[in-house]
Amino acid sequence: GQNIDQPTEMTATEGAIVQINCTYQTSGFNGLFWYQQHAGEAPTFLSYNVLDGLEEKGRFSSFLSRSKGYSYLLLKELQMKDSASYLCAVLSGGYNKLIFGAGTRLAVHP
Amino acid sequence: GAVVSQHPSWVICKSGTSVKIECRSLDFQATTMFWYRQFPKQSLMLMATSNEGSKATYEQGVEKDKFLINHASLTLSTLTVTSAHPEDSSFYICSADTDTQYFGPGTRLTVL
């Protein structure tokens, strides 16, 4: 079956660093995405990993280990506007279906 | 970047009526579009994969006769919720596939 796990909620302090973990077990793997979603809005793309290693993009970095079925999203220099849900999604299947995890709600405090 | 629009952004309807939601890729062509549903505080659940010129592929547990999908062109897919009931109230989001999936802004459906 398809299973993607990530913590339900996390809290962090403004200016700090936070790491959101994601583990997955899927029938196929064509890459892993991280999306940010503010309440009542559609997800916005953050990062894409298909090979093992770290992808860095500004304050956001994403890591993938395919052998371990594991990824994390690293957010540096946290800002209040980073308070949102972060969705881990695996690209799987012939039509490149995205299978989403339940999302991690991050609350950034002053 | 690629832009996907949805219309309407929100709709309130009476139980038993049908509602049509449009998803358009504005500056690119998309052979494949996806329809998701998201209940409050839950993640996106894929409902169906919409392919231009062919029948949609529905996920297990999604009634194809209730959620009609038409992908009439490379820039437009529509989702019709037929005979809507209060339990169909949800946030419906489409995405269009190019090199990655770009999401529309979503449609909030409330069925009274």
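Every chain is numbered from 1, with letters handed out A, B, ... down the list of sequences.
- Put simply, OG1 on Thr32(B) and NZ on Lys97(A) are 12.5 Å apart, with the number rounded to the nearest 0.5 Å.
- In this structure, Lys64(B) places its NZ atom where only 12 or fewer heavy-atom neighbours from other residues, nucleotides or ligands lie under 6.0 Å away.
- Leu54(A) and Ile20(A) are not part of a single hydrophobic cluster, where members link through side-chain heavy atoms under 4.5 Å apart.
- Counted within 6.0 Å of CE on Met45(B), heavy atoms from surrounding residues, nucleotides or ligands total 12 or fewer; the atom is thus considered open.
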Tabulate below the donor-acceptor pairs under 3.5 Å that side-chain atoms of residues 104-112 of chain B make, not counting sequence neighbours, or state none.
from, atom 1, to, atom 2, distance (Å)
Thr107(B), OG1, Gln6(B), NE2, 3.1
Thr107(B), OG1, Pro8(B), O, 2.6

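- Residue-environment remark: CD (Glu77(A)) stays at or below the threshold of 12 foreign heavy atoms within 6.0 Å.
- Interatomic distance, Ile4(A) CD1 to Ser43(B) OG, rounded to the nearest 0.5 Å: 8.5 Å.
- The distance from the CD atom of Gln42(B) to the OG atom of Ser85(A) is 12.0 Å, given to the nearest 0.5 Å.
- Residues of residues 31-53 of chain A having a heavy atom under 4.5 Å from any heavy atom of chain B, listed by number: Phe33(A), Tyr35(A), Gln37(A), Gly40(A), Glu41(A), Ala42(A), Pro43(A), Phe45(A).
- Only the side chain of Leu87(A) comes within contact range of chain B, with at least one heavy atom under 4.5 Å from a heavy atom of that chain.
- For the side chain to side chain contact (heavy atoms under 4.5 Å, CB included) test, residues two or more places apart in sequence or in another chain that qualify with Lys68(A) are Ser65(A), Tyr70(A).
- Listed by sequence position, Phe91(B), Ile93(B) are the residues of residues 78-94 of chain B in contact with chain A, using a 4.5 angstrom heavy-atom cutoff.
- Rounding to the nearest 0.5 Å places NZ of Lys41(B) at 5.5 Å from CZ of Arg105(A).
- Side-chain heavy atoms closer than 4.5 Å link hydrophobic residues (I, L, V, M, F, W, Y) into clusters, and following such links, even through other members, never connects Phe60(A) to Tyr72(A).
- Cluster annotation: Ile69(B) is connected to Val19(B) through the hydrophobic network of ILVMFWY side chains, with a link wherever side-chain heavy atoms come within less than 4.5 Å.
- Here the shortest heavy-atom pairing between Leu44(B) and Phe100(A) reads O-CB, 3.7 Å.
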